[in-house]
Asks: 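My questions all concern the structure below.
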Amino acid sequence: MSITELLAVLFPHLAGVCIERVFSAGKTVRVRARSWESEAPCPGCQVSSKRVHSRYNRRLSDRAVAGREASIELRVRRFFCDNVVCGRRTFVEQVPGLTVRHGRRAAGLSDDLRAIALALGGRPGARLAEKLCSGVGRSTLLRLLRSLPDPQYPTPRVLGVDDFAWRRGHTYGTVLVNVETGSVVDLLPDRSAESFASWLEAHPGVEVICRDRAGCYAEGGRRGAPLAAQVADRWHLLHNLSGAVERAVGRHRSQLREQPDTVEEPDSAAPGLPAEEGPLAVQTRARHAEIHQALQRGMTITEISRDLRLDRKTVRRYLAVETADDLISKERAKRQTILDTHLPYLRERWDQGCRNTDVLLEE
């Protein structure tokens, strides 16, 4: 294989330039090259020019060669633009597929770094790039990532909509998902009916809107896509069903309690009496009674929320149920584990002074 053929294999992207010299400088492979072309088009008016203004060297970082960093010293020319209607007086030639204006990396290396940034992000991508002998900082990778154009997705037929937290408890946004593909279509800055309706009006073609029970999304869907069917997704259906079952069991937990086989002690609770409730249940019952009493006195929801220092949604939730049992969840049963049968032995060995967990595990 000749030297020319070897250089063509190692540097296929340099086919548009004349390679003058390849040499090693420490851990870096340096390539000196210049352009083949005798003229270049002006980027402003696209009129070719042959009149050279000056020359200078550009240094570009390139993909690693045989595990070593690569650097290209490209001698470029500045041309005069002879088109009198063009606003440029001079311009610098660019090599297609190799250089871009103000770029300090070869086009191929920039593409590789963008792919790394898309896959790994900032710090992990910087560590991988360093292993590939193309060391850049995390800020550079993120800057390359932000320079990419936003992907354009077609309007989905089945659109999923839900809220997410920019800052939990303070600021929320809306995420739109293509239910059929599972890909995120867009993000809205808030969770209002106006923004959702505006998005639907700008993207016609949605046939099914899959949402939760939020009223703002229902209203936005009716405004922006009145012909689209609105349905609940499987997660919210199961969540609503489990909540209803839990409230029903909570209302009848005294009747569902298993009767003991043995005779109870005199100081034990009488059969059929409800078990002692926790502090959260007691607080829920007291707050439910307080809110309903305030409503009977003629107070509005806003006045009740301000007086009790509660959110308006919390006040509505208490007013939507007749009894506090609908708000009290069933007590959690103790979860069984595979360790329960060995606990007596483990306590005995622990009291004997065995503190080595590996020994206890082996026993």
Asks: To the nearest 0.5 Å, what is the distance between CG on Leu310 and CZ on Arg316?
Replies: 13.0 Å
Asks: From Leu241 CG over to Glu246 CD, what is the distance, rounded to the nearest 0.5 angstrom?
Replies: 11.5 Å
Asks: Under 4.5 Å between side-chain heavy atoms, counting indirect links through other Ile/Leu/Val/Met/Phe/Trp/Tyr residues: same cluster for Ile72 and Val22 or not?
Replies: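 Yes; tracing contacts between hydrophobic side chains, which count when under 4.5 Å, links both residues.
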Asks: Side-chain heavy atoms under 4.5 angstrom apart, residues restricted to Ile, Leu, Val, Met, Phe, Trp, Tyr: same cluster for Leu74 and Phe91?
Replies: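 Not linked; separate clusters.
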Asks: Above 12 or not: heavy atoms from other molecules or residues under 6.0 Å from CD of Gln352?
Replies: yes
Asks: Any heavy-atom pair between the side chains of Val175 and Asp163 that's under 4.5 Å?
Replies: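 Side-chain contact under 4.5 Å: no.
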Asks: Check Lys27 with Glu69, please: is the shortest side-chain N to carboxylate O separation under 4.0 Å?
Replies: no
Asks: Please say whether the positively charged group of Arg211, taken as NZ for Lys or CZ for Arg, lies over the ring of Tyr217, i.e. under 6.0 angstrom from the six-membered ring centre and within 45 degrees of the axis.
Replies: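 Judged by the rule, Arg211 and Tyr217 form no cation-pi pair.
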Asks: Is Glu219 salt-bridged to Arg222, cutoff N-O under 4.0 Å?
Replies: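 Salt bridge: yes.
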Asks: Taking CZ in Arg89 as the centre, count heavy atoms belonging to other residues, nucleotides or ligands within less than 6.0 Å. Is the count above 12?
Replies: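 Yes, the 6.0 Å shell around CZ holds more than 12 heavy atoms from other groups.
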Asks: Kindly check if the number of other-residue, nucleotide or ligand heavy atoms within 6.0 Å of CZ (Arg104) is above 12?
Replies: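 Not buried by this count: 12 neighbours or fewer within 6.0 Å.
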Asks: CD of Glu322: more than 12 outside heavy atoms within 6.0 angstrom?
Replies: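 Result for CD/Glu322: open.
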Asks: Could you pull out all residues at least two apart from Arg297 that satisfy side chain to side chain contact (heavy atoms under 4.5 Å, CB included)?
Replies: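 With sequence neighbours excluded, Arg297 shows a side chain to side chain contact (heavy atoms under 4.5 Å, CB included) to Gln293, Ala294, Met299, given in chain and number order.
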Asks: Apply salt bridge (charged side-chain N to carboxylate O under 4.0 Å, His left out) to residues Glu194 and Arg223 and explain how you reach the verdict.
Replies: CA-CA 9 Å; Glu194 291 75 13; Arg223 294 183 193 175; 3.6 Å; yes
Asks: Decide yes or no on side chain to side chain contact (heavy atoms under 4.5 Å, CB included) for Glu303 and Arg306, but give the supporting numbers first.
Replies: CA-CA 5 Å; Glu303 293 172 344; Arg306 187 184 302 114; 4.3 Å; yes
Asks: Would you find a donor on one side and an acceptor on the other, under 3.5 Å apart, between the side chain of Ser242 and the backbone of Leu238?
Replies: yes
Asks: So if you build clusters from Ile, Leu, Val, Met, Phe, Trp, Tyr with side-chain heavy-atom gaps below 4.5 Å, do Val100 and Leu113 land together?
Replies: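 They do not share one cluster, since no chain of ILVMFWY contacts under 4.5 Å joins Val100 to Leu113.
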Asks: Answer yes if Val315 and Leu295 sit in the same cluster of Ile, Leu, Val, Met, Phe, Trp and Tyr residues linked by side chain heavy atoms under 4.5 Å apart, and no otherwise.
Replies: yes
Asks: Check the pair Cys81 / Ser49 against side chain to side chain contact (heavy atoms under 4.5 Å, CB included), numbers first and verdict last.
Replies: CA-CA 6 Å; Cys81 182; Ser49 175; 5.8 Å; no
Asks: Can a cation-pi geometry be assigned to Arg21 and Phe23, taking NZ or CZ under 6.0 Å from the six-membered ring centre and within 45° of the ring axis?
Replies: yes
Asks: Classify the side-chain pair Arg312/Thr302 by whether it contains a donor and acceptor separated by less than 3.5 Å.
Replies: yes
Asks: Salt bridge check, Glu20 against Arg32: does any charged N sit closer than 4.0 Å to a carboxylate O?
Replies: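 Glu20 and Arg32: not salt-bridged.
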Asks: Answer with yes or no whether the side chains of Ser195 and Asp190 bring together a donor and an acceptor at under 3.5 Å.
Replies: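 Ser195 and Asp190 do have a side-chain donor-acceptor pair below 3.5 Å.
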Asks: Distance from Cys210 atom SG to His236 atom NE2, nearest 0.5 Å?
Replies: 9.0 Å
Asks: Output all residues satisfying ring-ring contact (aromatic ring centres under 6.0 Å, His included) with Tyr318, sequence neighbours left out; order by chain, then residue number.
Replies: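 Once residues adjacent in sequence are excluded, Tyr318 has no partner under the ring-ring contact (aromatic ring centres under 6.0 Å, His included) criterion.
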Asks: Heavy-atom count around Arg167 CZ within 6.0 Å, excluding the residue itself: above 12?
Replies: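 12 or below, so no.
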Asks: Can you get from Leu159 to Val208 by hopping between Ile, Leu, Val, Met, Phe, Trp and Tyr side chains that sit under 4.5 Å apart?
Replies: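 No.
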Asks: Kindly say whether Leu237 contributes a backbone atom to a donor-acceptor pair with the side chain of His239 at under 3.5 angstrom?
Replies: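 Answer holds: no.
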Asks: Quiz question: by atom type and distance under 3.5 Å, do the side chains of Thr314 and Arg287 form a donor-acceptor pair?
Replies: no
Asks: Do Arg58 side-chain atoms and Gly103 backbone N/O form a donor-acceptor pair below 3.5 Å?
Replies: yes
Asks: Looking at Arg51 and Asp82, does any basic side-chain N land under 4.0 Å from a carboxylate oxygen?
Replies: yes
Asks: Before giving the answer on side chain to side chain contact (heavy atoms under 4.5 Å, CB included), spell out for Val185 and Val177 the whole-Å C-alpha distance, their side-chain angles and the decisive distance to 0.1 Å.
Replies: CA-CA 5 Å; Val185 177; Val177 181; 5.8 Å; no
Asks: Kindly compute the distance separating OG (Ser305) from CG (Asp311), expressed to the nearest 0.5 Å.
Replies: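 Rounded to the nearest 0.5 Å, the OG-CG separation comes to 7.5 Å.
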Asks: In this structure, are over 12 heavy atoms from other groups packed under 6.0 Å from Glu363 atom CD?
Replies: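 Correct, the count exceeds 12.
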Asks: Aromatic rings Trp199 and His203: how do their planes relate, parallel, tilted or perpendicular, breaks at 30° and 60°?
Replies: parallel
Asks: Tell me, yes or no, whether the heavy-atom count around Arg88 atom CZ, taken from other residues, nucleotides or ligands under 6.0 Å, exceeds 12.
Replies: yes
Asks: According to side chain to side chain contact (heavy atoms under 4.5 Å, CB included), who are the partners of Glu290, at least two apart in sequence or on a separate chain?
Replies: Leu308
